[in-house]
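Only one structure is covered here, and it is reproduced in the block below.
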Amino acid sequence: MNELAAKRNAVVELMRISPLADELAGRFADAGHRLYLVGGSVRDALLGRLSSDLDFTTDARPERILEIVRGWADGVWDTGIEFGTVGVTKRGATLEITTFRADSYDRVSRNPEVTFGDTIEGDLLRRDFTVNAMAIELSTKQFVDPHNGLEALSQRLLDTPATPQESFADDPLRMLRAARFVSQLGFAPAPRVVEAMTEMAGEIQRITAERVQTEISKLLLGAQPRRALELMVDTGLAQHVLPEVPGMRLAIDEHHQHKDVYQHSLTVLEQAIALEQDGPDLVLRLAALLHDIGKPATRRFEDGGGVSFHHHEVVGAKMARKRLRALKYSKQIVDDVSQLVFLHLRFHGYGKGEWTDSAVRRYVTDAGPLLERLHKLVRADCTTRNKRKAAALQRTYDELEERIARLQAEEDLAKVRPDLDGNEIMRLLNLPPGPLVGKAWRYLKELRLDRGPLSHEEAVAELRRWAEENGIS
């Protein structure tokens, strides 16, 4: 992308939003203030991908901003006003208007001492990367680029307005943001940025788990998460936020087809992404990345030179749960990812189709609503370079999916329940509510999974036999 094409993109994008931006700029100009489109909004305009969420900066102080937008905006919120930010909605667009900032940091936490600035140049100097340190003055359409952000953008290069050491000391989260931009935008960090990330990786521990998690999620949902993860591992950043990922470099996988389990896992992540059908899936991507994290802890060297990882899925599920909880992921995401890690190896017991219908029912029931994701994860986990072996595995899984579909059509496997409910169990056995009813219910469910649907008479007879064996008259 040359400079002329980039500026042309910016003009086209500005024309698209210009009625809204021009109206707002006019109000600020009438009040004696300047308004700039800034940061990520300018970067995205230059890339031809501007969203309806726009960032502006101005010399007006926050209280003055409120006065200017009052009566024009459809909605206004001031939850960020202590940081100089006023939020506005107008005709479906979300606008954030922030007073010029000239913050200083204590470099112990990442909390800035909020100081308002007087110039656009001072505001741009404190921003994270040069590609985010550009602005457009909206009244004149003047392009402001004191740190050669346009050139960096044309080269897809991530660099910092100040030195990377100063920038990351002010806010270590910027190191993770660098990795995120690698994934989302396909940028490459400048050598000095990589050097600073490597030197200062430990500083990320100043950042709260919630903020780290947000960046990791955005990174994983980007277009090129593998490159971003490799940057995190190579600089040592991952060791502090996702240590299980670089930890996989210690284990050679059992197929001896990859340098290590780490590279295998990155390949599985890419292959899982290729199987997504309805947009990026955070649960699937986390499960693909973490599915083998139990291997280093379970690695055993066998007689004859082989390597085994017995029960690595059990260990890995526990490790995934612990790590995701530490990163403050929601209970649903923690449960779903750890269950996928636990189940990802189950298919390999299928052999050449030896599973009974009972085993197929259990596979579906254990996966529950995660079944479609489990299908994708298992298919993605085939990374052998032996084409015949890979094709055979895919054919076998095709057959399993066909069997599942057939049984689902016959039995509605998603709703497998015992053939008698709790009320009927209590009535037939004359039992009050309590643990015995639950035991009877679970026995009948196991029977249902083993044998498929029973008639009412068969279910009653089985319940009475169970009751007699357990001393229930």
| said: Run the side chain to side chain contact (heavy atoms under 4.5 Å, CB included) test on L95 and L20 for me, step by step, so that the C-alpha distance in whole Å, both residues' side-chain angles and the decisive distance to 0.1 Å come before the verdict. | reply: CA-CA 10 Å; L95 321 175; L20 195 62; 4.1 Å; yes
| query | D292 and H312: side chain to side chain contact (heavy atoms under 4.5 Å, CB included), yes or no, with the steps? | reply | CA-CA 7 Å; D292 274 348; H312 77 266; 3.1 Å; yes
| field | M232 vs V241, side chain to side chain contact (heavy atoms under 4.5 Å, CB included): CA-CA, chis, key distance, verdict | value | CA-CA 9 Å; M232 288 174 61; V241 296; 3.6 Å; yes
| task | Quick one: do K376 and Q277 satisfy side chain to side chain contact (heavy atoms under 4.5 Å, CB included)? Show the steps, please. | result | CA-CA 10 Å; K376 293 182 177 70; Q277 295 167 321; 4.0 Å; yes
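With hydrogens and angles ignored, the 3.5 Å screen pairs a side-chain donor or acceptor of T57 with a backbone N or O of T98. Without hydrogens or angle criteria, R156 side chain to L185 main chain gives a donor-acceptor distance under 3.5 Å. For the pair T298 (side chain) and H311 (backbone), a donor-acceptor distance under 3.5 Å is absent. Of the possible polar contacts, one joining the R285 side chain to the L220 backbone as a donor-acceptor pair under 3.5 Å is found. Judged by distance alone, the side chain of R206 and the main-chain N or O of P172 form no donor-acceptor pair under 3.5 Å. Within the 3.5 Å criterion, the main-chain N or O of E210 finds a donor-acceptor partner in the side chain of T214. Judged by distance alone, the side chain of S41 and the main-chain N or O of D55 form a donor-acceptor pair under 3.5 Å. Put simply, the side chain of R249 gets close to the backbone of P246: a donor and an acceptor are under 3.5 Å apart. Looking at T160, its side chain never comes within 3.5 Å of a backbone N or O of D128 through a donor-acceptor pair. Within the 3.5 Å criterion, the main-chain N or O of R34 finds a donor-acceptor partner in the side chain of T58.
The residues R379 and D398 are annotated as salt-bridged, a charged nitrogen and a carboxylate oxygen being separated by less than 4.0 angstrom. In summary, E23 and R91 engage in a salt bridge, as defined by a charged side-chain N under 4.0 Å from a carboxylate O. In this structure, R64 does not pair ionically with D59, as no charged nitrogen and carboxylate oxygen lie closer than 4.0 Å.
D118 meets the salt bridge (Lys or Arg N to Asp or Glu O under 4.0 Å) test with R61; sequence neighbours excluded. Partners of D281 according to the salt bridge (Lys or Arg N to Asp or Glu O under 4.0 Å) rule, which considers only residues two or more places apart in sequence or in another chain, are R373.
P225 approaches I273 most closely through the heavy-atom pair CG-CD1, 3.6 Å. Of all heavy-atom pairs spanning V38 and A135, the tightest one is CG2-CB, 4.1 Å. Nearest heavy-atom pair, E166 versus A162, reported as atom, atom and distance to 0.1 Å: OE1-CB, 3.8 Å. Of all heavy-atom pairs between G84 and I65, the closest is O-CD1, 4.3 Å. A pairwise comparison of heavy atoms in A209 and K328 identifies CB-CG, 3.7 Å as the closest pair. Scanning all heavy atoms of the two residues, the minimum distance from L269 to A288 falls at CA-CB, 3.8 Å.
Taking 4.5 Å as the limit, every side-chain heavy atom of Q224 sits out of range of all side-chain heavy atoms of V182. Within the 4.5 Å cutoff, the side chain of Y36 has no heavy atoms near those of the Q142 side chain. For the pair T396 and F347, the minimum side-chain heavy-atom distance is below 4.5 Å. Side chains of F116 and R101 form a contact here, defined as non-hydrogen atoms less than 4.5 Å apart. Counting only heavy atoms from C-beta outward, the side chains of V69 and R27 never approach each other to under 4.5 Å. A 4.5 Å side-chain heavy-atom check between I404 and L371 finds at least one atom pair inside the cut-off. P191 is not listed as a side-chain neighbour of E195, based on a closest heavy-atom distance of 4.5 Å or more. Counting only heavy atoms from C-beta outward, the side chains of D171 and I207 approach each other to under 4.5 Å.
Within the structure, every pair that satisfies the ring-ring contact (aromatic ring centres under 6.0 Å, His included) test and touches residues 280-300, not counting sequence neighbours, is listed here: H264-H291, H291-H344.
Remark: K90 NZ is packed, more than 12 non-hydrogen atoms of other residues, nucleotides or ligands lying under 6.0 Å away. By the 6.0 Å contact criterion, NE2 on H348 is enclosed, its count of non-hydrogen atoms from other residues, nucleotides or ligands being greater than 12. Within a 6.0 Å radius of CZ in R226, other residues, nucleotides and ligands contribute more than 12 heavy atoms.
Atom CG of L150 sits about 6.0 Å away from atom CE of M134, to the nearest 0.5 Å. Between the CG atom of L158 and the OG1 atom of T130 there is a distance of 7.5 Å, given to the nearest 0.5 Å. If you take CG on L324 and CD1 on I216, they are separated by 9.5 Å, rounding to the nearest 0.5 Å. Taking CD from Q394 and CD from E401, the interatomic distance works out to 9.5 Å, rounded to the nearest 0.5 Å. The distance from the CG atom of L242 to the CZ atom of R323 is 6.5 Å, given to the nearest 0.5 Å. Here the CE-NZ distance, from M319 to K295, works out to 13.0 Å after rounding to the nearest 0.5 Å.
Looking at Q339 and R321, their side chains never bring a donor and an acceptor atom within 3.5 Å of each other.
Remark: of the listed residues R43, R127, H147, R43 is the sole one forming a side-chain hydrogen bond (donor to acceptor under 3.5 Å, both in side chains) with N132.
Between F28 and H33, the two ring planes are perpendicular [angle over 60°; tilted spans 30° to 60°].
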